[in-house]
Amino acid sequence: MIIQNSPQGDLLNRIGQAFLRVDTRWIFVGALLFVGMFWLVVKYKKQRDMSRDDAMSLGLTVLQLYSAPVLFSMLVLTQPPAVDLVSNVQRQGAGLLAFIFLVAGVFIQIKKLWTTSG
């Protein structure tokens, strides 16, 4: 299917490309700020140290906060998909993470159906 409008003039396309061109160092700084904020909330609001489960769920959340916008910008906002703006490692990491979430979600649903049927 050929799109008649110029992809360069499309607002959503420009937003997606701008997001994909953000320097990875800024994303790392944002992730560090997010981790620091989470640590402060656990330390001072909950009055306890971070547990291993807290750290694991925080790591998963940071990966989700990174991979979901990359996939959304690359595959939905840009027309045609701006695969060339994303490095190979980013594409593979985001795709692997999406696949892991898919498999985990299906496994949880199957386990739930298996254990509740009687």
Side-chain angles (χ1 to χ4, degrees):
M1 180 171 151
I2 298 175
I3 298 174
Q4 298 297 332
N5 295 339
S6 169
Q8 303 303 331
D10 185 19
L11 176 65
L12 292 178
N13 190 41
R14 286 187 305 211
I15 291 171
Q17 287 184 358
F19 182 79
L20 291 174
R21 286 190 176 111
V22 171
D23 192 0
T24 309
R25 295 175 293 183
W26 286 110
I27 295 171
F28 183 73
V29 168
L32 284 178
L33 289 173
F34 186 76
V35 168
M37 187 176 63
F38 184 80
W39 178 78
L40 288 173
V41 166
V42 169
K43 183 77 171 171
Y44 295 109
K45 190 92 165 160
K46 303 271 185 181
Q47 300 293 323
R48 62 179 176 86
D49 289 329
M50 265 185 25
S51 68
R52 180 181 173 166
D53 289 337
D54 290 337
M56 289 177 63
S57 81
L58 176 63
L60 188 61
T61 302
V62 168
L63 286 173
Q64 287 174 332
L65 285 173
Y66 173 69
S67 67
V70 167
L71 285 173
F72 182 74
S73 295
M74 181 176 64
L75 299 175
V76 178
L77 291 181
T78 58
Q79 204 57 317
V83 178
D84 57 330
L85 294 178
V86 180
S87 73
N88 195 27
V89 172
Q90 288 175 318
R91 277 195 311 271
Q92 289 175 344
L96 180 63
L97 196 61
F99 179 74
I100 289 170
F101 289 134
L102 174 71
V103 170
V106 168
F107 175 75
I108 289 169
Q109 290 300 320
I110 289 174
K111 185 177 177 185
K112 191 184 296 185
L113 288 172
W114 186 266
T115 57
T116 57
S117 65

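For this chain, numbers begin at 1 and follow the sequence in order. This is a predicted model, so every value here is computed, not measured.
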Query raised in the report: T115 side chain to K112 main-chain N or O, any donor-acceptor pair under 3.5 Å?
Result: yes

Checking [X] now: which residues fulfil salt bridge (Lys or Arg N to Asp or Glu O under 4.0 Å) with it, not counting sequence neighbours?
X: D53; result: none
X: R25; result: D23
X: D84; result: none

Rounded to the nearest 0.5 angstrom, the CZ-CG distance for R91 and L71 is 11.5 Å

Rounded to the nearest 0.5 angstrom, the CG-CE distance for L20 and M74 is 7.5 Å

Report yes or no: do [X] and [Y] belong to one cluster of Ile/Leu/Val/Met/Phe/Trp/Tyr joined by side chain heavy-atom distances under 4.5 Å?
X: Y66; Y: L85; result: yes
X: M37; Y: M50; result: yes
X: W26; Y: V70; result: yes
X: V62; Y: L60; result: no

For residues 38-46, run the donor-acceptor check on the side chains, cut-off 3.5 Å, and write out each pair with its distance to 0.1 Å, sequence neighbours left out.
residue: K43; atom: NZ; partner: D49; partner atom: OD1; Å: 2.9

With sequence neighbours left out, the residues meeting side chain to side chain contact (heavy atoms under 4.5 Å, CB included) with L65 are F34, T61

Smallest heavy-atom separation, S73 atom then G16 atom, equals CB-O, 3.9 Å

Apart from I100 itself, its cluster of hydrophobic side chains linked below 4.5 Å comprises L96

In L77, V76, T78, the residue satisfying side chain to side chain contact (heavy atoms under 4.5 Å, CB included) with L12 is L77

* Asked: Are side-chain heavy atoms of I15 and F19 found at a separation under 4.5 Å?
  -> no

